[in-house]
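Working notes, structure below.
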Amino acid sequence: MGIHRLNHAVLFVRDVERSVAFYRDVLGFQPVPMTPDGFTGAAFLQAPGSTNDHDLGLFEIGAAAGPSEAGRRTVGLYHLAWEVDTLDELAVTAQRLTSAGALVGSSDHGTTKSLYGRDPDGLEFEIVWLVPADRLDAAALAARTRIGRLDLARERQRYGGQTRGGVGISVPA
């Protein structure tokens, strides 16, 4: 079996329209008209630049739904991680998440530079830029064993804001 990427994720949400607005306005996802006729409370979205049919499915379960207990009292999914192409895109995403009150953290994992956010239902996600394979050095590889503070300005100086991330790792060279 040759799995090579995540095609899409499906989330249960309280209010599908509110969630669509968040993923569209903050992260740039676009609705895809593929909800079956007569089916309500669902939406499908595609990430910017994606070649997937859809990247995110949202299913409304109503305003009375409780918060996710995953990781606190139950097993479950912690978060999804979406990759951006450049550190400049990561910086713009940080600004958009901050403006929406959705940025909850950031970290430097050596080989990855990450932002963490929460959607309107409190579901967590990660936005990540991967250091290209040809730019990995001993320091970046050693830093994978710790979680450091992300200094996005320093990383943009080090790697360049427009350097395409993930090349040789998640994107063919």
Side-chain angles (χ1 to χ4, degrees), residues 3 5-109 111-130 147-153 155-156 161 165-166 170-171:
I3 295 174
R5 70 177 175 174
L6 177 67
N7 181 269
H8 68 273
V10 177
L11 305 175
F12 291 113
V13 299
R14 289 184 185 96
D15 179 329
V16 73
E17 294 304 319
R18 177 183 70 172
S19 294
V20 166
F22 175 82
Y23 285 102
R24 181 193 61 225
D25 298 345
V26 177
L27 297 179
F29 282 71
Q30 292 300 309
V32 177
M34 58 182 276
T35 305
D37 289 337
F39 194 87
T40 60
F44 300 91
L45 298 105
Q46 187 180 50
S50 173
T51 59
N52 288 339
D53 178 61
H54 67 286
D55 296 284
L56 187 60
L58 303 170
F59 288 82
E60 184 174 300
I61 58 174
S68 172
E69 293 287 326
R72 290 177 285 281
R73 296 181 355 138
T74 65
V75 297
L77 181 67
Y78 171 34
H79 69 254
L80 303 169
W82 289 299
E83 186 177 338
V84 294
D85 278 338
T86 69
L87 285 168
D88 285 351
E89 289 175 359
L90 193 66
V92 168
T93 302
Q95 292 169 350
R96 293 177 82 170
L97 289 170
T98 298
S99 294
L103 183 66
V104 296
S106 63
S107 62
D108 182 342
H109 299 281
T111 59
T112 63
K113 314 305 174 186
S114 300
L115 304 173
Y116 298 92
R118 281 198 189 106
D119 78 359
D121 288 300
L123 300 173
E124 293 189 37
F125 56 86
E126 179 179 0
I127 308 293
V128 62
W129 180 81
L130 301 174
I147 299 173
R149 185 182 77 75
L150 178 61
D151 182 338
L152 198 46
E155 298 303 324
R156 288 165 86 181
S170 63
V171 178

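Since this is a predicted model, take the numbers as computed values, not measurements.
- The distance from atom OG of S106 to atom NZ of K113, rounded to the nearest 0.5 Å, is 11.5 Å.
- For the pair E124 and H79, the tightest heavy-atom approach, listed with the atom from each and the gap, is O-CB, 3.3 Å.
- The two residues A70 and G76 come nearest to each other via the heavy atoms CB-CA, 3.8 Å.
- Between the CG atom of L77 and the CG atom of L123 there is a distance of 8.5 Å, given to the nearest 0.5 Å.
- Sequence neighbours left out, the pairs with a member in residues 59-75 that pass side-chain hydrogen bond (donor to acceptor under 3.5 Å, both in side chains) are E69-R73.
- Summarising the geometry, atom CG belonging to L58 is positioned 8.5 Å from atom CZ belonging to F44; distances are rounded to the nearest 0.5 Å.
- With hydrogens and angles disregarded, no donor-acceptor distance shorter than 3.5 Å links the side chain of D108 to the backbone of G148.
- Contact check for E83 versus L130: side-chain heavy atoms found under the 4.5 Å cut-off.
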Can you give me every donor-acceptor pair (side chain of residues 18-25, partner residue at least two apart or in another chain, under 3.5 Å) with its distance?
from, atom 1, to, atom 2, distance (Å)
R18, NH2, D121, OD1, 2.7
S19, OG, D15, O, 3.4
Y23, OH, D119, OD2, 2.8

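- Distance check, rounded to the nearest 0.5 Å: CG of L27 to OG1 of T93 gives 7.0 Å.
- Scanning both residues, P120 and R14, for their nearest heavy atoms gives O-NH1, 4.5 Å.
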Assess whether side chain to side chain contact (heavy atoms under 4.5 Å, CB included) is satisfied between L87 and L152, documenting all intermediate values. CA-CA 8 Å; L87 285 168; L152 198 46; 3.9 Å; yes
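- For L80 against A9, the heavy-atom pair with the smallest separation is CD1-CB, 3.4 Å.
- Minimum interatomic distance between S107 and I147 (heavy atoms only, all atoms of both residues): CB-CG2, 3.5 Å.
- Screening L97, I127, V104, V128 for a side chain to side chain contact (heavy atoms under 4.5 Å, CB included) involving Y116 leaves a single residue, V104.
- Every residue meeting the side-chain contact (heavy atoms from CB on, under 4.5 Å) condition with V92, not counting sequence neighbours, appears here in chain and number order: R96.
- To the nearest 0.5 angstrom, F125 atom CZ is 10.5 Å from L56 atom CG.
- Side chain of Q46 to main chain of N52: a donor-acceptor pair is present (N/O by atom type, distance under 3.5 Å, no hydrogens or angles).
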Side chain to side chain contact (heavy atoms under 4.5 Å, CB included) between V16 and T40, worked out: CA-CA 10 Å; V16 73; T40 60; over 6 Å; no
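- Residues G28 and P48 come closest through the heavy atom pair O-CG, 3.3 Å.
- A distance-only check finds a donor-acceptor pair linking the side chain of W129 to the backbone of D85 [under 3.5 Å].
- Atom-to-atom distance recorded for L90:CG and E155:CD is 10.0 Å, nearest 0.5 angstrom.
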